[in-house]
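Only one structure is covered here, and it is reproduced in the block below.
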Amino acid sequence: MLKPRLVAESATTLYETLERPLAPVLARMEARGISVDRSILSHLSGDFAQRAAAFEAEAHELAGESFNLGSPKQLGEILFEKMGLEGGTKTKTGAWATGAGLLEGLALKGVPLARTIVDWRQLTKLKGTYTDALPTYINARTRRVHTSYSQASVLTGRLSSNDPNLQNIPVRTADGRKIRTAFVAAPGKLLVSADYSQIELRVLAHIADIGALKTAFEEGLDIHAMTASEMFNVPVKDMPSDIRRSAKAVNFGIIYGISAFGLANQLGIGRAEAGDYIKTYFDRFPGIKDYMEEQRRRVKAEGFVTTIFGRKIQFPNANSKNPAERSFVERASINAPIQGSAADIIRRAMIRMEPALKAQNIEADMLLQVHDELIFEIPTGTEELAIPAIKHIMESATEPAVRLSVPIAVDAHAAGNWDEAH
DNA sequence: TAGAGACGCCAC
DNA sequence: AAACGTGGCGTCTCTA
């Protein structure tokens, strides 16, 4: 596969500084688990099932026949063979592609079946992956859900979570957020969610030394609106939401090792227009382009890039003869120092968290980590004490090893369930 | 009937 | 659709 793997040298560095001390912390988090309300999920499951059934009947009506909506093969044949629709593309194995982006495009061209399928998929996804699956993970003895964290599965140094994965609980849509309300605090307790604000863009501003970005963070500005303002010469005040949305996509694209092709797909615009956006961005923030070129150079010359703490992330195939693979490494080498530095920061915070809270006589059990977010369970009424302490530990996690040239900000809230705490 | 690959989609 | 990064996991489909 294209995917580069973690190799011994970087694993050793990670092990000594961040992995060994974190292991017992993660073991305690896994053992604590989190309370998941079975009846909330059961109620949601029934609601999702009912609504999905209505979409299924509607889809069969629109298609003029009964078929398995869960089969991309059958759906592709109906859309592009039976109905003869234009705009069909094939996946790399030659099957009709029926992903959400493509169906959205068809829906906009007036194909009602496409919208119905998207809606049906949304509900059956939430039901199958979350409301039906999560209760099967409730431990009979503890009555809580216990995930497992992996410290060495992710190339960049992030953690991963499995059995069940509690790092991909829905949040984007209203129905999805209902699932978060089922993650509840024990009686007499509250959940605290504390998340780093725009941590990867802040890391980028620091590493690439982008003055305009750093100033924006220092002044607490809306970073995507500021980017939009710079790119499109529109005042931040009264920024149109679609302009801001485009700038936000560019910001994320930069972090991921942008291409005009990828940005065009993301925004549903032409490749040339996307290319213009990127060019404008590089003109306004020339340090970004320098940063990217430096990572590409280093990964080719050294075979690794580094996080702000000096941890190496290896790319053994940086000089592959396969052009697609080289491009993949280039993009990943741009992303890895950013994602990897953010991962180092939260690991340092997690390692210090429990002793630091104990020293202040603050009772707070760390339960979950979701890349830039930590979830705690605290006694009701102690939030005024716990939240500032948690924030301080997270915000100062780079020190004394690294003093960032941008402020780090953490948002934290307490509530009875994850949705309201987030 | 179990396993694996393909496809699709959830999160950050 | 995906050459925009990192994962985990559900169903469908084919194969042994």
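Throughout, protein chains are lettered first and strands after them, A, B, ... in sequence-line order, and every chain is numbered starting at 1. Excluded from the calculations below are hydrogen atoms, water molecules and symmetry mates; all remaining heavy atoms, backbone and side chain alike, are included. Bear in mind that the values here come from a model prediction, so they are computed numbers and not experimental data.
Contact annotation: A:R331 side-chain N/O to C:dG5 OP1/OP2 distance is under 4.0 Å. For C:dC12, neither phosphate oxygen OP1 nor OP2 lies less than 4.0 angstrom from any side-chain nitrogen or oxygen of A:S71. For the OP1/OP2 pair of C:dG8 and a distance below 4.0 Å, the side-chain nitrogens and oxygens of A:S160 include at least one atom meeting the criterion.
Per the geometry, CZ belonging to A:F252 stands 13 Å off C1' belonging to C:dT6, to the nearest Å. Between the P atom of C:dA2 and the CZ atom of A:R271 lies a distance of 16 Å, rounded to the nearest Å. Rounded to whole Å, the distance from CD on A:Q151 to P on C:dG8 is 14 Å. Rounded to a whole Å, the CE atom of A:M292 is 10 Å from the C1' atom of C:dC4. Atom C1' of nucleotide C:dT6 and atom CG of A:L155 are separated by 8 Å, given to the nearest angstrom. Per the geometry, CD belonging to A:E200 stands 12 Å off P belonging to C:dT6, to the nearest Å. To the nearest angstrom, P of C:dG7 lies 11 Å from CD1 of A:I313. Atom CD1 in A:I334 sits about 16 Å away from atom P in C:dA3, given to the nearest Å.
Relative to the ring axis of A:W96, A:K73 does not place its NZ or CZ within 45° and under 6.0 Å from the centre. Figure legend: A:K127 and A:F48 shown without cation-pi pairing, the cationic atom not lying both under 6.0 angstrom from the six-membered ring centre and within 45 degrees of its axis.
Closest heavy-atom contact between A:K391 and A:A412: CG-CB, 4.0 Å. Residues A:F309 and A:S341 come closest through the heavy atom pair CE1-O, 4.3 Å. Minimum heavy-atom separation, A:E395 to A:I408: CG-O, 3.5 Å.
Rounded to the nearest Å, the gap between the C1' atom of B:dC7 and that of C:dA1 is 13 Å. The P atoms of B:dA4 and C:dC4 are separated by 30 Å, rounded to the nearest whole Å.
With sequence neighbours excluded, no residue satisfies salt bridge (Lys or Arg N to Asp or Glu O under 4.0 Å) with A:R326. Taking A:D175 as the reference, A:R51, A:K178 meet the salt bridge (Lys or Arg N to Asp or Glu O under 4.0 Å) condition, with sequence neighbours excluded.
For A:I258 and A:L102, each mapped to the nucleotide of DNA chain C holding its nearest heavy atom, the one lying further toward the 5' end belongs to A:L102. Between A:Q266 and A:D163, the residue anchored closer to the 5' end of DNA chain C is A:Q266, taking for each the nucleotide with the nearest heavy atom.
A:G257 comes within contact range of the sugar-phosphate backbone alone, with a heavy-atom separation under 4.0 Å but no base atom that close. Note on A:T124: nothing from the nucleic acid sits closer than 4.0 angstrom, heavy atoms only.
Here the two rings, on A:Y277 and A:Y281, have centers that are 6.0 Å apart or farther.
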Inset, instruction - Scan nucleotides 4-12 of chain B nucleotide by nucleotide, 5' to 3', and note B when protein non-hydrogen atoms come under 4.0 Å of the base, S if they reach only the sugar-phosphate, - if neither. - result: --SSBBBSB
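The side chain of A:F261 lies closest to C:dA3 when the candidates are C:dT6, C:dA3, C:dC12.
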